[in-house]
Amino acid sequence: MKSISSIFLLTLIILTAVASATVYEPNYVYDGNTNQSLTNVSVIGFIGDNADYTQNRAFWPGTLSTGDNNIIVLQYPTYLISQYGYLVYYYKPGYVPYKVKANWYGEGKTPDQNNYLYKITDSASAQINNFQISKTQTKVNEQIKVTSNILSPRINKDHITFVPEELKDGYYSDKVKATLKVNGNVVETKNLNMFWSTNQNIEFSYTPIKAGNYKIELITEITDSKFTNPQILSKEITLIVLDENQINLTDTTVPVITILSPENGKTYTTQVNQIQYIVAEKNIKECWLSKDNGKTNETAFLCIANILQTTNVNSVEGINSWTIYSKDLAGNIGSTKVVFQLNTSVIPDTTDTTAPIITILSPENGKTYTNSNINFEISTNEVIGSAWVLINNQNITLNKINNTQFSKTITLSNGSYTVSIYAKDLAGNIGSKNISFTLKQKKSTSTSNSGSLANQANQDSLGQANYIKQNTINNQVVYLNDNLVVNTEKLFWGFEFITWINILLIIFIILILILLILFLRNR
């Protein structure tokens, strides 16, 4: 009987332990617009093995479902399986998936959780960007290329870093059809499956077989049934096709090119990254860019007549010489050159009376540091000529990273600091900003860095030849003008030892003298 009781008691303990090892969380699912209960909602969960969940594993085997109810009770262990927590997705056809990320653990039953799913009712469309053809004028039987960049219909506003394979095609991507038409006739169709917040480059080919004007049209439409109001978008370009007899081979007029930016003869203080121009020629075949008087020629590119063109190109410090060339169908080549200068150390603008605005990147205001090497780094809203930090009544110059960013690492001792950082722009205006921080580091007997601040002060001072400062660092006295370091602790105890010997010697001599006097009197 005792044996049976023992077995029963042991079984009860095991069952109690198992029962308490699970968290039961009731989850109710509703339509976010109508607040009505949603049934047959699927639930899938994952354990994250790293922060962005690129490494993960299933939380529960397979997919769970609310079935004919709007409630599902999820079970979690009483301990956190991964420090990165869990991702749980609720999804149903026609609705945007609902994602929950949390660290669940505990015992017993948690409070009810309400989850809301919203129908896909947005008026979506696939935007057409950079729609262009390789030539706007060509000849019969000459192939042209039609290119564009298509944007996905929906944006990932939730910044999702991990999407389960089960949800990629049906929920987090949309089917888009891109169609190329020429004079209303379908030439080619491309079917795209586009993940949220992505874009895709597409290319079509077309070869005209007759002379005339052609309407090149690109159309995008969403083919997913999940959208209630999908929009159809289109863009078009006119293509002029000439036969051999229409091309005037006696044409000797070269294309006329006008460069609008950069300006010829101008000095720029910041990088010039584009050239903008207009070509006045109806029969353009191609254009290209040349730098350094023809030493560097760029690949030929699209050039549309009488429309502002923009081409990316990087300037260099000093003199820049850029030339745009254009060739027409008759073979005539026209060109226009622009010469300008890039000088980042520009002459100050005397009309500028506004001080630069300083952003302190390091150190952080109010922070306590444990490393004596403090990095001072700033950025400004305009080009500046110099920057410095005032600390312990010393002006220490910051090193230039670029025209708007300066930094320097300074070795400091323990204590609380309130420092001022200054920046001077090219017109002489000075801006400043204060910051406070604390340095608390463990005491060290090392003296190797004790002169660092002194060296910086001597290098960056305003010509103070005999600058001397006493600073206590780890019980040391530092004379910054000659880097002399004396250990005050050793000095103190050495001084005390010598002093006591002298005092005892004096007392001894005084006692001898007193005894001598007394002896002489007694005689």
Visitor: Quick one: does Q113's side chain have a donor or acceptor within less than 3.5 Å of a partner on P111's backbone?
Guide: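 At least one qualifying donor-acceptor pair exists.
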
Visitor: Is a side-chain N or O of Y53 found less than 3.5 angstrom from the main chain of Y84, in a donor-acceptor match?
Guide: yes

Visitor: Show, in sequence, the C-alpha distance, side-chain angles and deciding distance for D112 and N114, and conclude whether the side-chain hydrogen bond (donor to acceptor under 3.5 Å, both in side chains) test is met.
Guide: CA-CA 7 Å; D112 295 349; N114 292 330; over 6 Å; no

Visitor: For the rings on F162 and F46, is their centre-to-centre separation under 6.0 Å?
Guide: yes

Visitor: Give a yes or no on whether the backbone of S125 and the side-chain of Q127 come within a donor-acceptor separation of less than 3.5 Å.
Guide: no

Visitor: Quick check: does any side chain N or O of N365 sit under 3.5 Å from a backbone N or O of S436, one acting as donor and the other as acceptor?
Guide: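 Pair found, side chain donor or acceptor close to backbone of S436.
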
Visitor: Considering residues, nucleotides and ligands other than I430, do more than 12 of their heavy atoms fall under 6.0 Å from its CD1?
Guide: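 Atom CD1 in I430 is packed in, count exceeds 12.
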
Visitor: Can you tell me if NZ on K190 sees more than 12 non-hydrogen neighbours from other groups inside 6.0 Å?
Guide: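 More than 12 heavy atoms, drawn from other residues, nucleotides or ligands, come within 6.0 Å of this atom.
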
Visitor: Short question: side chain of K433, backbone of A423 - any donor-acceptor pair under 3.5 Å?
Guide: no

Visitor: Taking C-beta and beyond as the side chain, do V100 and Y98 meet within less than 4.5 Å on heavy atoms?
Guide: yes

Visitor: Crowded around K99 NZ? As in, over 12 foreign heavy atoms under 6.0 Å?
Guide: yes

Visitor: May I have the list of side-chain donor-acceptor pairs in residues 66-73 shorter than 3.5 Å, sequence neighbours left out?
Guide:
{"unit_1": "T66", "atom_1": "OG1", "unit_2": "N40", "atom_2": "N", "d": "3.1"}
{"unit_1": "T66", "atom_1": "OG1", "unit_2": "V41", "atom_2": "N", "d": "2.9"}
{"unit_1": "T66", "atom_1": "OG1", "unit_2": "N69", "atom_2": "O", "d": "3.1"}
{"unit_1": "N70", "atom_1": "ND2", "unit_2": "V29", "atom_2": "O", "d": "3.4"}
{"unit_1": "N70", "atom_1": "ND2", "unit_2": "S37", "atom_2": "OG", "d": "3.2"}

Visitor: Under the criterion side-chain contact (heavy atoms from CB on, under 4.5 Å), which of T238, T136, V182 is the partner of I216?
Guide: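 It is V182, the one option of T238, T136, V182 that forms the side-chain contact (heavy atoms from CB on, under 4.5 Å) with I216.
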
Visitor: Kindly say whether N373 contributes a backbone atom to a donor-acceptor pair with the side chain of T409 at under 3.5 angstrom?
Guide: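 It does not hold such a pair.
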
Visitor: Answer yes if the ring centres of F59 and Y76 are under 6.0 angstrom apart, and no otherwise.
Guide: yes

Visitor: Between F340 and W322, is the gap from one ring center to the other below 6.0 Å?
Guide: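 Ring centroids of F340 and W322 are less than 6.0 Å from each other.
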
Visitor: Sub-3.5 Å donor-acceptor pair from the side chain of S148 to the main-chain atoms of N129, do we have one?
Guide: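 Yes, because the side chain of S148 sits within donor-acceptor range (under 3.5 Å) of the backbone of N129.
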
Visitor: Run the side-chain contact (heavy atoms from CB on, under 4.5 Å) test on I374 and Y417 for me, step by step, so that the C-alpha distance in whole Å, both residues' side-chain angles and the decisive distance to 0.1 Å come before the verdict.
Guide: CA-CA 11 Å; I374 305 297; Y417 293 86; over 6 Å; no

Visitor: Does some side-chain heavy atom of I360 sit less than 4.5 Å from a side-chain heavy atom of F376?
Guide: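 A side-chain contact under 4.5 Å is absent here.
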
Visitor: Are any side-chain N or O atoms of S152 and backbone N or O atoms of S197, one a donor and one an acceptor, separated by less than 3.5 Å?
Guide: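 Yes, because the side chain of S152 sits within donor-acceptor range (under 3.5 Å) of the backbone of S197.
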
Visitor: Is it true that a side-chain atom of Y422 and a backbone atom of S386 form a donor plus acceptor pair closer than 3.5 Å?
Guide: no

Visitor: Please find the pair of heavy atoms, one from K424 and one from I384, that lie closest to each other, and give the distance.
Guide: O-CB, 3.2 Å

Visitor: Could you tell me whether a side-chain N or O of K235 sits under 3.5 Å from a main-chain N or O of I128, the two making a donor and an acceptor?
Guide: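 It does hold such a pair.
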
